[in-house]
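In what follows, a single structure is set out as structure tokens and then discussed.
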2 protein chains.
Amino acid sequence: MSELIISTIEKIEPLDEVAMERARVRQNSLTKPPGSLGRLEELSIRLAGIQGKSPPGIKEKAVMVMAGDHGVVAEKIGNWPQEVTAQMVANFLRGGAGINVIARHVGARVIVVDMGVASDLGQDANLVSQKVGRGTKNIAVGPAMTMEQAVQAVETGIELVTGEADRGLDIVGTGDMGIGNTTASSAICAVMTGKPVPEVTGRGTGLTDEQLQHKITVIGRALSVNQPEPAQPVAVLAKVGGFEIGGLVGVMLGAAARRIPVIIDGFISGAAALIATALSPRLKDYLIAAHRSAEPGHRISLEHLKLEPLLSLNMRLGEGTGSALGIFLAETAVRILTDMATFGEAGVSEGDR
Amino acid sequence: MSELIISTIEKIEPLDEVAMERARVRQNSLTKPPGSLGRLEELSIRLAGIQGKSPPGIKEKAVMVMAGDHGVVAEKIGNWPQEVTAQMVANFLRGGAGINVIARHVGARVIVVDMGVASDLGQDANLVSQKVGRGTKNIAVGPAMTMEQAVQAVETGIELVTGEADRGLDIVGTGDMGIGNTTASSAICAVMTGKPVPEVTGRGTGLTDEQLQHKITVIGRALSVNQPEPAQPVAVLAKVGGFEIGGLVGVMLGAAARRIPVIIDGFISGAAALIATALSPRLKDYLIAAHRSAEPGHRISLEHLKLEPLLSLNMRLGEGTGSALGIFLAETAVRILTDMATFGEAGVSEGDR
């Protein structure tokens with residue numbers, strides 16, 4: 001581990017119970033039957049607890065999309081060429097990808113980070129270049145990265161989100177891009193939840209039965225070659241993870257240390273959350289699950305994290321598309337708390353309760 | 001029935017298969033694995049079929065909130081006084097209710113309609129006054145309204161949405177307000193789905209076990225006194241329905257006749273949809289279920305309608321709060337279709353499929 005990671009974890013405080021109670025009291029004074037806005041009410045209360053103030057405020061919104069390549073593509077575990085990672089990063093920078101469209105719709109910035117794409121991406125004012133390596137190594141034959149690289153990836157995520165927090169950030173969504181990263185995430189999920197590989201492995205971008213079977217075999221080999229142990233989360237990241245996954249671990253820890261709510265996206269973000277919450281169990285309270293991905297391992301990860309997703313739209317794109325929608329719902333929850341009239345203000349009679 | 005209702009039903013056409021196929025082809029050309037945006041992709045395709053053009057367009061958005069009172073409150077089936085209906089209408093007009101907050105957040109207008117509130121609401125430039133009666137009669141002792149009133153309620157909904165369509169409306173959400181209207185909706189749901197009353201009856205704004213039992217007894221009495229038959233949907237409305245429910249039936253039919261997608265809200269809108277789709281089975285394709293309400297009858301209604309809701313946030317407020325969120329998702333779906341780059345435009349390699 002490193003000093004920065006340890007000090008960040010130490011800064012993560014319990015939720016602010018006083019702020020939560022104030023939000024709860026206000027929810028019950030608003031012109032609606034108590035509890036009738038369901039999970040939006042719960043969400044507003046949790047956001048108050050995370051930010052340590054009631055009402056919480058959401059003005060500066062960002063989705064942090066971290067990209068990295070995976071050496072395990074040498075095992076032909078997917079049907080998209082590795083070059084697509086870099087091409088999609090270029091697409092993010094031009095604003096043409098799914099995450100750009102949804103983020104614009106919800107008014108969130110997209111921060112694109114090269115954590116370890118295999119090729120050179122060139123210069124772009126909007127690209128945050130933090131390459132830890134040129135893609136990970138093939139986990140089917142050895143570790144994905146060195147321990148130093150794993151620490152560096154996590155530290156990079158912490159530093160980036162801390163910089164954003166300094167400039168003003170009220171909520172952050174996580175996102176990912178990386179051909180092959182459902183394979184790494186399945187491996188992480190199997191280690192951290194203890195579930196068998198076939199249960200946590202899905203079709204990614206669309207595999208046939210035979211391809212799925214091959215992917216399961218490759219992940220099994222990665223686990224038997226590397227022997228990752230759930231009690232050593234950074235080593236799990238080094239052995240079977242990815243640079244962008246490490247970056248997301250850092251974003252989660254760094255955001256929570258600054259009391260910034262983290263909306264987590266799909267399967268890849270879920271795998272990062274498994275590692276991050278193993279480092280800091282308290283972090284869990286700062287994570288809000290946007291949606292349940294179509295990947296089977298995501299359901300298992302969320303159950304392990306005891307997080308109930310807000311949306312179930314059968315999405316499996318990644319990029320932060322789910323977390324951008326989650327940011328919209330979080331903002332909705334806050335607006336309800338701040339903008340609705342109370343019974344007193346509106347002159348509405350209260351029911352017996 | 002009436003000429004207006006019949007001619008409206010006759011205007012409802014099948015979805016435009018050509019527009020749907022064009023939307024489907026475009027979805028598969030966008031820079032993402034095919035199908036990876038799940039239900040948002042399906043939604044964009046259905047919106048194309050409804051509007052009869054690809055890409056569909058969503059600019060003018062409105063939630064139509066219909067209010068009415070229910071004579072069955074005399075049976076003490078809830079714990080909120082009848083005056084709350086009028087008070088909440090005033091709250092809608094001042095912009096302080098849940099629907100106002102969410103509609104503002106998604107950029108939709110709120111159209112507030114007095115379909116049959118028991119008291120005088122006074123003048124307000126933003127209130128659409130279309131009182132069919134001063135609250136319905138007590139369904140536990142006789143019909144809620146006359147057949148003429150039921151027809152008038154449906155016609156009013158048709159005329160209002162047609163007027164909005166003439167002025168420009170791309171999508172409409174349904175909403176309701178009416179103390180006692182979960183009782184009427186449970187009665188409608190029991191008749192139209194054939195399910196036993198206890199299965200379709202819930203706690204509304206928060207009943208105890210004993211109160212719930214009483215509500216079930218009252219609904220059972222309403223059905224035995226009125227003998228509504230599912231084959232006569234307008235008579236069901238007259239016997240155990242409500243003025244606002246009739247108005248929503250009209251909104252659904254009238255919108256579909258103009259190829260305007262209808263986002264349906266919770267349990268009350270679901271009950272209206274059961275009647276409306278019995279009048280026009282083809283209407284079903286024009287309805288998009290926003291969310292699954294906490295009311296048990298809503299799940300049963302949606303299953304009967306074969307509609308899968310987009311959200312599951314445990315909401316049970318009504319007012320159109322769920323449909324406003326649904327409008328946001330529909331707009332998201334359209335923006336994906338229109339704004340995302342294609343593989344060709346972005347220079348991204350396609351995977352084997």
Side-chain angles (χ1 to χ4, degrees), chain A residues 30-40 42-43 78-81 83-84 87-88 90-91 94-98 100-102 104-106 204-206 294 310-319 321 325 328-329 331-332 335-336 338-342 345-353, chain B residues 30-40 42-43 78-81 83-84 87-88 90-91 94-98 100-102 104-106 204-206 294 310-319 321 325 328-329 331-332 335-336 338-342 345-353:
Chain A
L30 300 175
T31 45
K32 57 178 172 51
S36 62
L37 281 175
R39 302 199 53 215
L40 292 178
E42 294 162 19
L43 185 52
N79 42 20
W80 292 73
E83 71 211 40
V84 167
Q87 290 167 346
M88 283 302 297
N91 198 16
R94 275 193 307 264
N100 302 105
V101 174
I102 300 180
R104 275 198 295 272
H105 190 31
V106 307
T205 50
L310 296 166
L311 294 156
S312 195
L313 294 172
N314 208 24
M315 288 160 60
R316 53 177 171 80
L317 175 55
E319 299 181 2
T321 46
L325 295 175
F328 165 81
L329 289 176
E331 203 178 349
T332 305
R335 291 204 185 190
I336 285 162
T338 53
D339 296 358
M340 267 185 76
T342 63
E345 286 160 8
V348 174
S349 310
E350 292 192 57
D352 302 327
R353 327 182 226 165
Chain B
L30 300 175
T31 45
K32 56 178 172 52
S36 62
L37 282 174
R39 302 203 49 217
L40 292 178
E42 295 162 17
L43 185 52
N79 41 19
W80 292 71
E83 70 211 41
V84 167
Q87 290 168 346
M88 283 302 297
N91 198 16
R94 275 193 307 265
N100 302 104
V101 174
I102 301 180
R104 275 198 296 273
H105 190 30
V106 307
T205 50
L310 295 166
L311 294 156
S312 196
L313 294 172
N314 208 25
M315 287 160 61
R316 52 177 172 81
L317 176 55
E319 299 181 2
T321 45
L325 295 174
F328 165 80
L329 290 176
E331 202 178 348
T332 305
R335 291 203 184 190
I336 286 162
T338 53
D339 295 358
M340 268 185 74
T342 63
E345 287 160 8
V348 174
S349 312
E350 293 192 55
D352 303 328
R353 324 183 227 167

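In what follows, chains carry the letters A, B, and so on, assigned in the order in which the sequence lines appear, proteins first and then strands, with residues in each chain numbered from 1. Just so it is clear, the model here is predicted, and its values are computed rather than measured.
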Contacting moiety of A/Asp339, where chain B heavy atoms sit under 4.5 Å:
both
Which of the residues A/Met340, A/Met88, A/Glu345 is involved in the greatest number of heavy-atom pairs with chain B at under 4.5 angstrom?
A/Met340
For chain A, which candidate among B/Ala341, B/Ala90, B/Gly78, B/Gly95 shows the most heavy-atom pairs at distances under 4.5 Å?
B/Ala341
Among B/Val84, B/Thr342, B/Thr332, B/Asn314, single out the residue with the greatest number of heavy-atom pairs under 4.5 Å to chain A.
B/Thr332
Quick check: closest heavy atoms across A/Thr321 and A/Met315, and the distance to 0.1 Å?
OG1-CE, 3.6 Å
Can you tell which of B/Glu319, B/Glu83, B/Arg104, B/Arg316 has the highest number of heavy-atom pairs within less than 4.5 Å of chain A?
B/Arg316
Distance col, row A/Leu310:CG vs A/Leu329:CG, nearest 0.5 angstrom, shows 5.5 Å
Answer yes if the ring centres of B/His105 and B/Phe328 are under 6.0 angstrom apart, and no otherwise.
no
Value for CG (A/Leu317) from CG (B/Leu37), rounded to nearest 0.5 Å, stands at 5.0 Å
Got a second to check how far B/Lys32's NZ is from A/Asn91's CG, nearest 0.5 Å?
12.0 Å
Between B/Thr338 and A/Val101, is a side-chain contact (heavy atoms from CB on, under 4.5 Å) present by the stated rule, with each step listed?
CA-CA 9 Å; B/Thr338 53; A/Val101 174; over 6 Å; no
With a 4.5 Å cut-off on heavy-atom pairs, point out which of B/Gln87, B/Glu42, B/Arg39 contacts chain A the most.
B/Gln87
Heavy-atom pair of closest approach, residues B/Thr31 and A/Ala97
OG1-CA, 4.3 Å
What part of A/Leu43 gets closer than 4.5 Å to chain B, counting heavy atoms only: side chain, backbone, both or neither?
neither
Check B/Pro33 against A/Trp80 and note the closest heavy-atom contact, atom names and distance.
CA-CZ2, 3.8 Å
Measure distances from A/Ile102 to the heavy atoms of chain B and classify the residue's part below 4.5 Å as side chain, backbone, both or neither.
side chain
So for A/Leu311, is it side chain, backbone, both, or neither that comes closer than 4.5 Å to the heavy atoms of chain B?
side chain
Among B/Ser312, B/Gly38, B/Gly318, B/Gly96, which has the most heavy-atom pairs under 4.5 Å with chain A?
B/Gly96
So for A/Ala294, is it side chain, backbone, both, or neither that comes closer than 4.5 Å to the heavy atoms of chain B?
neither
Go through the atoms of A/Leu30 and report whether side chain, backbone, both or neither lie under 4.5 Å from a heavy atom of chain B.
neither
Taking all non-hydrogen atoms of both residues into account, name the closest pair between B/Glu331 and B/Val106 and its distance.
OE1-O, 4.1 Å
Measure distances from A/Arg335 to the heavy atoms of chain B and classify the residue's part below 4.5 Å as side chain, backbone, both or neither.
both
